[in-house]
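One structure is given below, encoded as structure tokens.
Reminder, nothing fancy here: chain letters follow the sequence lines and each chain counts from 1. The analysis underlying the following values was restricted to heavy atoms, covering all of them including side chains, and did not include hydrogens, waters or symmetry mates.
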Amino acid sequence: MSEKTKNKPKTPDKGGKSILDDNQLIRQRRAKAAELAAQGVPLFPNTFRPRDLISDIKKNYGHLDIERLETLNLSFVIAGRIMSLRSFGKAAFMHIMDRSGEQLQVHVQKNVLGDEAYARFKKLDVGDLVGVSGPLFRTRTNELTIRANQVTLVTKSYRPLPEKFHGLTDVEQRYRQRYLDLIMNREVRAIFEARSKIVSTIRRFLHQRDFMEVETPMMQHIPGGAMARPFETYHNALGMPLYLRVAPELYLKRLVVGGLERVFELNRNFRNEGVSVRHNPEFTMLEFYMSYASYEDLMPLTEEMLAECAKEVVGSLKFDYQGREIDMSPPWRQLDFRTSLLEIGGVPPKVLFDAEEALGLSRELGGVHKPGDGLGKALDKIFEVTVEPELWQPTFITGHPLEISPLSRTSDHDPDAVERFEFFIAGREMGNGFSELNDPDDQRQRFLEQVAQREAGDEEAQFMDADYVRALEYGMPPTAGEGVGIDRLVMLLTDQPSIREVILFPLLRPEKG
RNA sequence: GGGCCGUUAACUCAGUUGGUAGAGUAUCUGACUUUUAAUCAGAGAGUCGCGUGUUCGAAUCACGCACGGCCCA
């Protein structure tokens, strides 16, 4: 162990790397910064204001040739991060990246800056944020470049960036230090740009159809609206337990009772479940409710909305997801729940209406069932294993069993089925819609059945929500509602295999140190 | 929860049968005013994820733990 290493300050953690570790590279950068500071150069000034965006410069002037740029003699003011630096004796080239995510080359010359300014420039590091002004020209190799009249340190960076050629690839570090991932990986930025575009497309789509965006409680006394385990928390001042919502559904329908006949909420839900390539404990969901409409009206609306997202983000309704083509062109296939089990799942007909047979098959397929579980639960599990992965092209599945749909309106034709669809793309459930149950007595009865299942040990069964039933007693207009998983939609449209690639800060265990 | 894989320099990765820890990039010093992963010469940089054990000796073998990835439930 060298003398230097011995003297370095011990960090409080016991073993393992500290987050705020120190190394030779950081010490060197800090030393250079200290030299600049000693010369009176501010390391973190907030005075520089860029005037131009690199993407605009490239778009507007990128087609001009050497001579044309020479005669025009256009000057620009940009600011961004030094992504690379090639230094010669009395000149240097660097690439600057700004918020547009694009880079522009800058040529810095000693005889242009002057001796003192050039000496200061030589103290800068890759990763520093700088402001640059000067005319645009083309180098001998024809690269669009700014000849720097001035280079100003805007923010000192004490930590070295990952190596330029391989960049940052360690998945764990990419998620933990997403800021580095975003600096180094252009494609990652593109994913989140696409995500933003999808969300704004949906908002615009719904606003155009007279939907109103609302925000309902994420902290709820009674976590309702979905079959899922909630996160529990506690309000100290009021001395009461609270749950993070698993869905906004029951609140949104209260608003429909209140006369907000077209509402939507696009925000986070929380489910206390495992983590996988398809699941993150907090995830984003669109829920919308439309009065005087049925589940059948929502299907074409869904097709249209997602088609618009695809056009906006991919530019086409046909695209590849993980190497297989998806065609989102409406109309999508529609298939009855039991028919899909028969035709796609290859399930024997005797299973479809016999609880014992169905539970048996489900268990064979690895399903875990509690004593209270019936035909519906069993078929749902069988569906998940045998049919869902096969639904690659967009498909609506309709006619779900009532048992697994406690908030849906019963079918007028079949008392055991509900007016509901789920839709699937790329072998994954993307959304769920139904005609809402607005008969308060029926709803109370369904809640009671859920409560019984909960008492029988089903932690995902729903709670009785008496106020929700009371709201229905005032009268909720006939309404259809739908939920769409936004993270999965983003995965689909950005061709990402894992939900963690479309969530900026996916849940991870804390880092030591 | 189970199985498999991974964790070595700032980054990307090698590391043989257990015998003093390696490369490329990055960094530092010197040269260099049109480079494109610039080039040339030299140098520094490591708690080999953490711990225990086996051993004369462990990055390497065994066991446990932590974190992550993929698959399964």
Pairwise [atom1] distance for [N] and [M], with rounding to whole Å:
N: B:U47; M: B:G22; atom1: P; result: 15 Å
N: B:U55; M: B:G18; atom1: P; result: 16 Å
N: B:A14; M: B:G24; atom1: C1'; result: 11 Å
N: B:A41; M: B:A59; atom1: C1'; result: 33 Å
N: B:A62; M: B:C71; atom1: P; result: 27 Å
N: B:A38; M: B:U25; atom1: P; result: 10 Å
N: B:U60; M: B:U16; atom1: C1'; result: 10 Å
N: B:A23; M: B:U8; atom1: C1'; result: 12 Å

Do the side-chain N and O atoms of A:Q103 and A:R186 include a donor-acceptor pair separated by under 3.5 angstrom? no
Using distance alone, with no hydrogens and no angle criterion, decide if A:D495 and A:Q322 have a side-chain donor and acceptor under 3.5 Å apart. yes
Can you tell which of [options] lies closest to the side chain of [X]?
X: A:H166; options: B:U35, B:C28, B:G24; answer: B:G24
X: A:N23; options: B:A10, B:C11, B:A37; answer: B:A10
X: A:L168; options: B:A10, B:U34, B:U12; answer: B:U12
X: A:R147; options: B:U34, B:C28, B:U12; answer: B:U34
X: A:Q24; options: B:U33, B:A26, B:A45; answer: B:A45
X: A:F93; options: B:G44, B:A26, B:U35; answer: B:U35
X: A:L25; options: B:A10, B:U33, B:C11; answer: B:A10
X: A:H107; options: B:A37, B:U12, B:U34; answer: B:U34
X: A:K32; options: B:U25, B:U35, B:C28; answer: B:C28

Rounded to the nearest angstrom, tell me the gap between atom [atom1] in [X] and atom [atom2] in [N].
X: A:D115; N: B:U33; atom1: CG; atom2: C1'; answer: 13 Å
X: A:L180; N: B:U12; atom1: CG; atom2: P; answer: 10 Å
X: A:M184; N: B:U25; atom1: CE; atom2: P; answer: 16 Å
X: A:R159; N: B:A26; atom1: CZ; atom2: C1'; answer: 15 Å
X: A:I26; N: B:C28; atom1: CD1; atom2: P; answer: 14 Å
X: A:E143; N: B:A37; atom1: CD; atom2: C1'; answer: 14 Å
X: A:L161; N: B:A37; atom1: CG; atom2: P; answer: 18 Å
X: A:I183; N: B:A26; atom1: CD1; atom2: C1'; answer: 16 Å

Take a 6.0 Å sphere around [atom1] of [X] and say whether it holds more than 12 heavy atoms from other residues, nucleotides or ligands.
X: A:D320; atom1: CG; value: yes
X: A:R268; atom1: CZ; value: no
X: A:Q39; atom1: CD; value: yes
X: A:R99; atom1: CZ; value: no

Reading nucleotides 68-73 of chain B from 5' to 3' and marking B where a protein heavy atom lies under 4.0 Å of the base, S where only the sugar-phosphate is that close, and - otherwise, the string is SSSS-S
Kindly say whether, by distance alone, the side chain of [X] makes a donor-acceptor pair under 3.5 Å with the base of [N]?
X: A:E163; N: B:U12; value: no
X: A:Q105; N: B:U35; value: yes
X: A:R86; N: B:U35; value: yes

* Between A:W392 and A:Y321, what is the ring plane arrangement, given parallel below 30°, perpendicular above 60°, and tilted in between? -> tilted
With A:Q453 as partner, the option from A:E459, A:K377, A:E403 fulfilling side-chain hydrogen bond (donor to acceptor under 3.5 Å, both in side chains) is A:K377
Taking any heavy-atom pair under 4.0 Å as a contact, classify [X]: base, sugar-phosphate, or nothing.
X: A:S84; value: nothing
X: A:D170; value: sugar-phosphate
X: A:Q173; value: sugar-phosphate

Report yes or no: is the cationic atom of [X] (NZ for Lys, CZ for Arg) closer than 6.0 Å to the six-membered ring centre of [Y], at no more than 45° off its axis?
X: A:R271; Y: A:F283; value: no
X: A:R338; Y: A:F353; value: yes
X: A:R30; Y: A:Y158; value: yes

Sorted by position of nearest nucleotide on RNA chain B, 5' first, the leading residue of A:G167 and A:Q109 is A:G167
Taking for A:P162 and for A:T139 the nucleotide of RNA chain B with the nearest heavy atom, the one nearer the 5' end belongs to A:P162
For residues 68-85 of chain A, the side-chain hydrogen bond (donor to acceptor under 3.5 Å, both in side chains) pairs (sequence neighbours left out) are A:S84-A:H95
Polar pairs (N or O, both sides) under 3.5 Å between protein and nucleotides 13-15 of chain B?
none

Under 4.0 Å from OP1 or OP2 of [N]: is there any side-chain N or O of [X] that close?
X: A:K90; N: B:A31; result: no
X: A:K122; N: B:G30; result: no
X: A:K164; N: B:C11; result: no

Tell me which donor-acceptor pairs under 3.5 Å the side chains of residues 115-130 of chain A have, and how far apart each pair is, sequence neighbours excluded?
residue: A:Y118; atom: OH; partner: A:A91; partner atom: N; Å: 2.9
residue: A:Y118; atom: OH; partner: A:A91; partner atom: O; Å: 3.2
residue: A:K122; atom: NZ; partner: A:S87; partner atom: OG; Å: 3.0
residue: A:K122; atom: NZ; partner: A:F88; partner atom: O; Å: 3.4
residue: A:K123; atom: NZ; partner: A:E35; partner atom: OE1; Å: 3.1
residue: A:D125; atom: OD1; partner: A:K32; partner atom: NZ; Å: 2.5
residue: A:D125; atom: OD2; partner: A:K156; partner atom: NZ; Å: 2.7
residue: A:D128; atom: OD1; partner: A:K156; partner atom: NZ; Å: 3.2
residue: A:D128; atom: OD1; partner: A:S157; partner atom: N; Å: 3.0
residue: A:D128; atom: OD2; partner: A:D125; partner atom: N; Å: 2.8
residue: A:D128; atom: OD2; partner: A:K156; partner atom: NZ; Å: 2.9

Practice problem: Establish, yes or no, whether a centroid distance under 6.0 Å links the rings of A:F270 and A:F231. | Solution: no
Hits for side-chain hydrogen bond (donor to acceptor under 3.5 Å, both in side chains) against A:D52, two or more places apart or cross-chain, chain-then-number order -> none
Under the rule of Watson-Crick or G-U wobble with both distances under 3.5 Å, where | means paired to another strand and [ ] a crossing pair, RNA chain B maps to (((((((..((((.....[..)))).(((((.......))))).....(((((..]....)))))))))))).
